[in-house]
Amino acid sequence: MGDTQSKNFIEVEIENDLKNNKNKEIVTRFPPEPNGYLHIGHAKSIIYNYQIAKKYNGKFHLRFDDTNPQKENEEYVKSIIDDVNWLGVDYNNEVLFASNYFDKMYEFAVLLIKKGLAYVCDLSADEIKKYRGDYNSIGKNSPYRDRSIEENLKLFEEMRNGKYENGEKTLRAKIDMSSPNLNMRDPVIYRIAKINHHNTKDKWCIYPMYDFAHPLEDAIEGISHSLCTLEFEDHRPFYDWVVKNCEFKYPPRQIEFAKLYLTNVITGKRYIKELVDKKIVDGWDDPRLVTISALKRRGYTPNSLKNFVELSGISKANSSCDYELLEYCIREDLKLKTKRMMAILDPIKLIIENYPTDKIEYLEIPYNVENESIGIHRFSFSNELYIEREDFQINPPNKYYRLYIGNEVRLMGAYYIKATRYEVDEFGNVKTVYAIFDENTKQDGRVIDRKVKGTIHFVDAKTAKSAEFRIFENLVDEEKGKINPDGTINYNKNSLTKKYGFIEKELADAKAFDSFQFIRTGYFNVDYKDSSKDNLVFNRIVDLKSSFKL
RNA sequence: UGGGCCAUAGCCAAGCGGUAAGGCACAGGACUUUGACUCCUGCACUCGAUGGUUCAAAUCCAUCUGGCCCAGCCA
């Protein structure tokens with residue numbers, strides 16, 4: 001979809017770099033830590049990084065930033081690969097791991113030691129914190145800062161060989177304890193962690209820190225532009241320090257952009273996890289969530305997300321995109337692709353009194369009038385139908401042009417009917433509406449002598465199948481504020497409504513993830529988890545816009 | 001509090017000294033066998049504020065205000 005005609009600030013920088021021959025080629029990357037599920041914010045990063053690479057005929061890498069074995073595991077690796085595959089970005093069929101560079105990283109650490117730019121420190125975590133100082137006071141040099149290169153080399157090798165316990169020693173970069181940027185006050189670059197790594201198993205007991213590892217990963221892979229989010233801006237001086245002192249010919253360049261926030265939903269691993277843990281939602285792919293797996297289950301498409309990322313733009317301003325933009329994108333993507341079928345979510349009976357009781361006829365209209373190549377929709381009609389409860393009113397409001405006593409409307413693809421009488425149940429709710437039809441108004445292309453204002457949809461009760469429909473509302477209460485002062489989530493208890501109605505017979509064969517437009521009620525897909533042959537469950541992906549409110 | 005970053009419509013977002021693009025949302029109208037779609041129309045005399053430079057400022061300068069990030073051996 002739409003090429004963005006205007007360039008964003010990152011593209012301006014890249015084109016400058018290209019002009020100045022700073023890069024051989026453009027290579028970007030998506031570097032997730034395998035410690036959780038991906039959500040729409042990650043999708044922005046994946047899609048944008050990929051699109052940049054594509055735009056400049058470059059490459060895109062998928063690389064796991066797996067430098068902290070304590071938080072990472074194989075399950076997350078797998079789910080992330082699944083999600084990235086589903087998005088359909090091209091990463092050259094090669095899944096990369098930072099942990100595959102541990103040997104090289106170790107060598108670079110040794111190089112820094114030899115250059116007098118790194119030292120082994122015996123301070124405890126608490127002591128390092130104290131020595132670091134704070135916003136108002138400069139730090140103090142570690143008493144171990146001036147160890148000889150030989151001693152540092154020996155100590156670091158011993159760290160690697162497991163001579164010391166967790167927390168006993170660290171390797172630190174030697175920079176400036178008085179820097180106003182706390183990240184430059186001799187940051188730790190290697191720590192001891194005697195724990196198995198999902199990829200390297202027990203080969204290592206020391207692991208590089210993000211700040212040291214990341215620039216190296218980028219440089220090793222020939223990444224030209226390392227695009228990340230704003231909170232890493234303060235880390236850029238150290239990033240540049242590392243690539244400079246490790247002497248890379250084509251140093252990668254880090255450029256930061258703002259994270260994507262969306263109204264009405266919660267992004268943020270921690271909060272999603274809380275909803276999952278408290279069983280407020282049905283796992284990581286609950287359709288109300290915005291994890292990639294949830295969006296997929298709900299019925300969002302890779303295309304819709306790509307378009308969303310493109311339309312929501314890239315900048316450095318913290319912002320929160322209207323959820324309506326995402327909805328617009330999925331409607332746009334599904335509009336011409338889906339069959340438009342009929343389903344009744346909140347049924348009442350409609351009896352056509354002058355239609356033969358023993359007759360079933362079959363009617364035909366295109367599945368999608370905007371894209372007739374999808375084919376012809378054939379559906380049954382009889383004297384006994386289901387229609388939506390809201391399509392019949394005892395006391396119609398102003399400008400209501402659906403069914404009420406005496407009013408003539410069109411049954412979509414069938415006949416004109418006029419309501420004659422109705423029956424209510426013991427609570428006063430309409431149960432059955434009776435009508436007569438005009439056999440000269442069959443919707444088969446013949447010219448009809450009069451027009452009607454309203455067209456309503458229906459399913460034939462004699463062939464209909466029952467089904468469940470799930471209507472989702474905002475999971476979080478935006479009015480109250482998404483997050484309580486105590487850090488818990490304000491969630492909307494009415495965020496899931498289950499309705500039990502009817503679908504036309506053809507829909508009974510629908511398979512998991514199939515999506516449809518149900519005429520007048522929205523786009524739906526078949527829930528892959530809760531559907532069975534006997535009980536099809538449809539998720540409403542998004543409703544149709546409507547200028548009519550009952 | 002020291003440092004870094006940000007501020008253009010309800011929400012995103014272009015704009016880079018020559019007189020405010022575009023999209024979403026919203027409102028009105030046309031069309032309509034989905035109150036959908038589509039198509040028209042409208043939607044910032046003004047760019048966080050105040051001063052200054054200039055023939056000319058959203059763009060340059062100064063000051064101020066507001067918001068976000070940083071004191072992990074997390075990423």
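Computed from a predicted model, the values in this text were never measured in an experiment. Order of the sequence lines sets the chain letters (A, B, ...), proteins ahead of strands, with each chain counted from 1.
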Check this one for me: any side-chain N or O of [X] less than 4.0 Å away from OP1 or OP2 of [N]?
X	N	result
A:Thr67	B:A75	yes
A:Ser319	B:A13	yes
A:Lys316	B:G4	no
A:Arg132	B:G2	no
A:Arg520	B:G35	yes
A:Lys335	B:U38	yes
A:Lys453	B:U33	no
A:Arg191	B:A75	yes
A:Lys129	B:G72	yes

Report the residue (A:Ala125 or A:Asp234) whose heavy-atom-nearest nucleotide on RNA chain B is the more 5′ of the two.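 First, find each residue's nearest nucleotide; the 5'-ward one identifies A:Asp234.
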Nearest heavy atom decides the nucleotide; on that basis, is A:Leu230 or A:Lys451 closer to the 5' end of RNA chain B?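 Whichever sits nearer the 5' end wins; that is A:Leu230.
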Just to be sure I understand the rule, does [X] reach a base, reach only the sugar-phosphate, or reach nothing, if contact means heavy atoms closer than 4.0 Å?
X	value
A:Tyr207	nothing
A:Tyr400	base
A:Asn136	base
A:Arg185	nothing
A:Gln517	base
A:Tyr401	base

Planes under 30° and centres closer than 5.5 Å, is that true for A:Tyr328 with the base of B:C24?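 Whether judged by distance or by angle, A:Tyr328 falls short somewhere, so it does not stack on the base of B:C24.
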Face-to-face contact A:Tyr210 to B:A75 six-ring, under 5.5 Å, under 30°: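 The base of B:A75 is not stacked with A:Tyr210 (the test needs centres under 5.5 Å and planes under 30°).
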Salt-bridge test for A:Glu324 and A:Lys545: reply yes if a basic N is under 4.0 Å from a carboxylate O, no otherwise.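 The answer is no: the pair does not qualify as a salt bridge.
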Once you round it to whole Å, what is the distance between [atom2] of [N] and [atom1] of [X]?
X	N	atom1	atom2	result
A:Tyr135	B:A71	OH	C1'	5 Å
A:Phe381	B:U33	CZ	C1'	14 Å
A:Ile365	B:U34	CD1	P	10 Å
A:Tyr131	B:C73	OH	C1'	16 Å
A:Leu182	B:U1	CG	P	16 Å
A:Glu504	B:U34	CD	C1'	14 Å
A:Ile138	B:C70	CD1	C1'	18 Å
A:Arg236	B:C5	CZ	C1'	10 Å

Selected nucleotide, minimal atom distance to [X] side chain, candidates [options]:
X	options	answer
A:Lys399	B:A7, B:G35, B:C24	B:G35
A:Ser315	B:A36, B:A13, B:A71	B:A13
A:Pro180	B:G2, B:A13, B:U38	B:G2
A:Asn68	B:C6, B:G4, B:A75	B:A75
A:Thr455	B:C26, B:U33, B:C11	B:U33
A:Asn318	B:C68, B:G35, B:C12	B:C68

Fit a plane to each ring of [X] and [Y], take the angle between them on a 0 to 90° scale, and name the class: parallel (under 30°), tilted (30 to 60°) or perpendicular (over 60°).
X	Y	result
A:His235	A:Phe232	perpendicular
A:Phe381	A:Tyr415	tilted
A:Phe257	A:Tyr48	perpendicular

Now, which nucleotide makes the Watson-Crick or G-U wobble pair with [N], with each of the two distances under 3.5 Å?
N	result
B:U38	B:A30
B:C68	B:G4
B:U63	B:A49
B:A25	none
B:G18	B:C55

Test A:Lys78 against A:Glu75 for salt bridge (Lys or Arg N to Asp or Glu O under 4.0 Å), laying out the working first. CA-CA 5 Å; A:Lys78 216 183 145 304; A:Glu75 178 200 343; over 6 Å; no
Think A:Lys339 forms a cation-pi with A:Tyr367, using NZ or CZ under 6.0 Å from the six-ring centre and within 45 degrees of its axis?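 Yes, cation above the ring, under 6.0 Å and within 45°.
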Glycosidic class, syn or anti, of B:G4 using a 90° window around 0: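 You should classify B:G4 as anti.
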Within 90° of 0 counts as syn, otherwise anti: where does B:C11 fall?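 Anti for B:C11; the angle lies over 90° from 0.
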Do other residues, nucleotides or ligands put more than 12 heavy atoms under 6.0 Å from the CD atom of A:Glu158?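 Atom CD in A:Glu158 is packed in, count exceeds 12.
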Span that lies between the [atom1] atom of [M] and that of [N], in whole angstrom:
N	M	atom1	value
B:A9	B:C45	C1'	14 Å
B:C31	B:A36	P	14 Å
B:C39	B:G66	C1'	43 Å

Side chain to side chain contact (heavy atoms under 4.5 Å, CB included), that's the test. Do A:Val265 and A:Tyr323 meet it? Break it down for me. CA-CA 8 Å; A:Val265 300; A:Tyr323 188 74; 3.7 Å; yes
Could you walk me through whether A:Arg63 and A:Glu221 pass the salt bridge (Lys or Arg N to Asp or Glu O under 4.0 Å) check? CA-CA 10 Å; A:Arg63 177 181 73 229; A:Glu221 290 180 10; 3.0 Å; yes
